[in-house]
Amino acid sequence: MSKVLKKDFFIGSTEEITQRLLGKLLCRSIGTRIWKGKIVEAESYLGEKDLAAHASHGRTKRTETMYGPPGHAYVYLIYGMYNCLNVVTQEEGTAEAVLIRALEPIVLDGEKIVPDQDAYEGRSIEKILNGPGKLCREFQIDKSLNGATFSRKNGLWLEEYEDIPPERIVRAKRIGVEYAKQWKDKPLRFYIKDSSFVSKKNI
DNA sequence: GGCTCGATCTTG
DNA sequence: AAGATCGAGCCC
């Protein structure tokens, strides 16, 4: 039986939670359609001190949800055309979050729930959900979900699936934050070793 | 009000 | 290597 991740899951440091999220399922429903994917890659963003984080500019309208309680979705628009999904961590007043970077499409009950096979004819299955913008596009996640609690009733939730032991987790620098000075090379990106579904490898 | 640039992805 | 495309953040 599927078990939805609840409040207690979000207790701990953001780096711990980022690693704990690997192997869990990101789930999305709209009407009768359901998408599910296993989280294989994620990054930590560590609040105001982190020069790569949006919160480094302080509390603003955009970053407001990251300052709120944990277990909520922070969704923002990037490059005018893509959305990115984050899991907010830490108590109110602290703006930390986990960027979900890549998912592995999964099969449940013998039925391929995600992705819609017909729509991806001829495309490599490894490359359907291997990027923060791509997974939001495929799961129809946009700013209307910003601030939503991860829960079934909101059509966006997280489920137990696998626990990934530390030796199966690779730690690397984050992607696309070259401007972040002393923070740009910090090893805050985590992905499942040997997964062919991550966005970029060995960086 | 205007300018710059980004936690991206696709095509060439 | 460059273009798509737009809002946040910042400086007038």
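Note on naming: letters A, B, ... go to the chains in the order of the sequence lines (proteins, then strands), and numbering restarts at 1 for each one.
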message = If we count only N and O atoms by modelled type, under 3.5 Å, do the side chains of A:Ser124 and A:Glu126 hold a donor and an acceptor together?
response = yes
query = Does a salt bridge link A:Lys186 with A:Glu43, judged by any charged N lying under 4.0 Å from a carboxylate O?
reply = no
note = Taken to the nearest whole Å, CG/A:Asn83 to P/C:dA8 is 12 Å
request  = For the residue pair A:Pro105 and A:Phe197, establish whether any side-chain heavy-atom pair is separated by less than 4.5 Å.
outcome  = yes
Under the 3.5 Å Watson-Crick or G-U criterion, the dot-bracket string of DNA chain C, with | for inter-strand pairs = ||||.||||||.
request  = Please find the earliest and latest nucleotides of DNA chain B, in the 5' to 3' direction, that have an atom within less than 4.0 Å of any heavy atom of chain A.
outcome  = B:dG6 to B:dT10
request  = Classify the nucleic acid contact of A:Lys127 as base, sugar-phosphate or nothing, counting any heavy atom under 4.0 Å across all strands shown.
outcome  = nothing
query = What is the distance from atom CD of A:Gln140 to atom CG of A:Leu156, rounded to the nearest 0.5 Å?
reply = 12.5 Å
ask   = What's the shortest heavy-atom distance between A:Asn130 and A:Val198, and which atoms?
value = CB-O, 3.9 Å
key: Donor-acceptor pair, side chain of A:Asp50 and main chain of A:Ala52, under 3.5 angstrom   = yes
inquiry  = By the side chain to side chain donor-acceptor pair (under 3.5 Å) test, which pairs, at least two apart or in different chains, include something from residues 65-83 of chain A?
reply    = A:Glu48-A:Tyr67, A:His54-A:Tyr74, A:Thr65-A:Asn146
message = Please tell me whether A:Thr14 and A:Ser44 have a donor and an acceptor in their side chains that are separated by less than 3.5 angstrom.
response = no
inquiry  = Restricting to side chain to side chain contact (heavy atoms under 4.5 Å, CB included), what partner residues turn up for A:Asp163, sequence neighbours left out?
reply    = A:Lys24, A:Glu160
key: Under-4.0 Å side-chain N/O to phosphate OP1/OP2 contact, A:Arg62 with C:dG9   = yes
Cation-pi geometry met for A:Arg101 and A:Tyr191 (6.0 Å, 45°) = no
Do any N or O atoms of the protein come closer than 3.5 Å to N or O atoms of nucleotides 4-6 of chain C, and which pairs are they?
unit_1: C:dT5; atom_1: O2; unit_2: A:Tyr79; atom_2: O; d: 2.5

Over 12 foreign heavy atoms within 6.0 Å of NZ, A:Lys61 = no
inquiry  = Under the salt bridge (Lys or Arg N to Asp or Glu O under 4.0 Å) test against A:Glu41, which residue among A:Lys193, A:Arg174, A:Arg189, A:Lys200 passes?
reply    = A:Arg189
Measure all distances between protein nitrogen or oxygen atoms and nitrogen or oxygen atoms of nucleotides 10-12 of chain C, and list the pairs falling under 3.5 Å.
unit_1: C:dC10; atom_1: OP1; unit_2: A:His57; atom_2: ND1; d: 2.7

task = Test side chain to side chain donor-acceptor pair (under 3.5 Å) on A:Glu96 and A:Thr94 and set out the steps.
result = CA-CA 6 Å; A:Glu96 302 195 8; A:Thr94 302; over 6 Å; no
